[in-house]
Amino acid sequence: MSGPRRLAALAVAAMLVLAACASADRPTIQADEVPLPTPMRSWGPSMAATVEQLQAAVAASGARLDTAGSAYRPSEPASLLQLPRLVLRADLADNDDGYVVVYQAPDRASASARATELAAYLGSGFGQTNYPADTQFSVGLLDDTIVFTTWSSRRSDDPERAASVFDAIASVGEPVEVNK
């Protein structure tokens, strides 16, 4: 095939591909299929109070807690998927360590129910498949917020410091027991 014919054939092929992409049969996102929430960049009074308590507890352990600089989404039950959240991270040596997720529920009763669901999920076989076997879980309830973090000595580059930060985070709020 000569140069002009080849160019014409490529142009026709490109138009066919574009026409297929514009087809009415192509799946689209429906209005009720809302994308998952992203971490919150600003927060209300109860979230701010929770963050303040977490930062103070972590500072007392000799570490710092800041808004996470990278994407993080823990394994979680469906009931938490659409809750607004804030993702924080302690300044630990291992980049996969020290994440804290603070979920914002509409009210205290809803937060309590969701925290219980999260603890049950983490205690289930399915909930644990996404974490190393030695993972420790902390689920805390503070007003209408849920505080969640994990710690694994096998994954940590500085297990002693990571355990100290985990304990500091776990001290915030009312603990919700995770039975493995």
Side-chain angles (χ1 to χ4, degrees), residues 36-77 79-123 127-128 130-180:
L36 295 175
T38 57
M40 298 170 71
R41 294 289 179 209
S42 62
W43 48 86
S46 66
M47 184 74 84
T50 299
V51 170
E52 187 176 308
Q53 286 190 34
L54 285 166
Q55 287 176 326
V58 170
S61 75
R64 190 179 70 244
L65 191 64
D66 294 312
T67 303
S70 60
Y72 177 77
R73 182 129 199 149
S75 180
E76 58 196 9
S79 63
L80 273 74
L81 290 177
Q82 294 300 322
L83 285 183
R85 72 206 48 234
L86 173 65
V87 180
L88 305 168
R89 188 176 172 280
D91 61 336
L92 297 174
D94 183 354
N95 288 334
D96 294 330
D97 213 0
Y99 283 98
V100 181
V101 181
V102 182
Y103 298 93
Q104 176 75 62
D107 53 49
R108 167 94 179 170
S110 179
S112 179
R114 295 300 193 303
T116 301
E117 290 171 20
L118 176 59
Y121 174 82
L122 295 169
Q128 291 182 29
N130 297 298
Y131 300 97
D134 71 329
T135 299
Q136 301 287 316
F137 300 101
S138 173
V139 177
L141 180 63
L142 186 59
D143 296 323
D144 60 353
T145 62
I146 303 160
V147 178
F148 171 61
T149 193
T150 64
W151 174 70
S152 166
S153 62
R154 280 197 318 188
R155 286 183 49 186
S156 180
D157 289 342
D158 186 351
E160 187 175 310
R161 185 161 188 247
S164 175
V165 169
F166 175 84
D167 290 341
I169 294 164
S171 74
V172 174
E174 175 186 326
V176 179
E177 190 173 349
V178 176
N179 293 313
K180 289 171 103 177

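Below, each value reflects all heavy atoms present in this structure, side chains not excepted, and no hydrogens, waters or symmetry copies. A quick note: this is a predicted structure, and the numbers were derived from the prediction, not measured. Counting begins at 1 with the first residue of the sequence.
With hydrogens and angles disregarded, a donor-acceptor distance shorter than 3.5 Å links the side chain of Lys180 to the backbone of Thr135. Side-chain N or O atoms of Gln136 include none that pairs as donor or acceptor with a backbone N or O of Trp151 at under 3.5 Å. In this structure, the side chain of Arg155 engages the main chain of Asp96 through a donor-acceptor pair within 3.5 Å. Judged by distance alone, the side chain of Ser156 and the main-chain N or O of Ser152 form no donor-acceptor pair under 3.5 Å.
The two residues Ala115 and Val139 have their closest heavy-atom pair at O-CG1, 3.8 Å. Closest heavy-atom contact between Asn130 and Ser75: ND2-OG, 2.8 Å. Residues Asp66 and Arg64 share a closest heavy-atom pair of OD2-NE, 2.6 Å. The heavy-atom pair separating Ser153 from Pro159 by the smallest distance is O-CG, 4.1 Å. Closest heavy-atom contact between Thr145 and Gln104: CG2-OE1, 3.9 Å. The minimum heavy-atom distance linking Asp143 with Leu141 is given by the pair O-CD1, 3.9 Å.
Residues Asp97 and Asp157 have side chains not in contact (no heavy-atom distance under 4.5 Å, counting atoms from C-beta outward). Using a 4.5 Å heavy-atom cutoff, the side chains of Val87 and Val100 are not in contact.
A salt bridge between Asp91 and Arg161 is present, with a side-chain N of the basic residue lying under 4.0 Å from a carboxylate O of the acidic one.
Once rounded to the nearest 0.5 Å, the distance linking OH of Tyr72 with CZ of Arg89 reads 11.0 Å. Distance check, rounded to the nearest 0.5 Å: CG of Leu142 to CD of Gln53 gives 5.0 Å. With values rounded to the nearest 0.5 angstrom, Glu174 atom CD is found 5.0 Å from Arg108 atom CZ. Rounding to the nearest 0.5 Å gives a distance of 7.5 Å between CG of Leu118 and OG of Ser79.
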Take Ile169 and Leu54, measure what side chain to side chain contact (heavy atoms under 4.5 Å, CB included) needs, and give me the verdict at the end. CA-CA 6 Å; Ile169 294 164; Leu54 285 166; 3.9 Å; yes
Verdict with reasoning, Leu122 to Tyr131, per side chain to side chain contact (heavy atoms under 4.5 Å, CB included): CA-CA 9 Å; Leu122 295 169; Tyr131 300 97; 4.0 Å; yes
In sequence, state the C-alpha distance, the side-chain angles, and the governing distance for Phe148 and Leu80, and then conclude on side chain to side chain contact (heavy atoms under 4.5 Å, CB included). CA-CA 12 Å; Phe148 171 61; Leu80 273 74; over 6 Å; no
Quick one, Val165 with Leu92, criterion side chain to side chain contact (heavy atoms under 4.5 Å, CB included). Give me CA distance, side-chain angles, the key distance, then yes/no. CA-CA 9 Å; Val165 169; Leu92 297 174; 3.9 Å; yes
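Applying the ring pair (Phe, Tyr, Trp, His ring centres under 6.0 Å) criterion to Phe166, with sequence neighbours excluded, gives no partner residue.
For the residue pair Ser46/Asp144, the side-chain donor-acceptor check at 3.5 Å is satisfied. Donor-acceptor pairing under 3.5 Å is recorded for the side chains of Tyr99 and Ser70.
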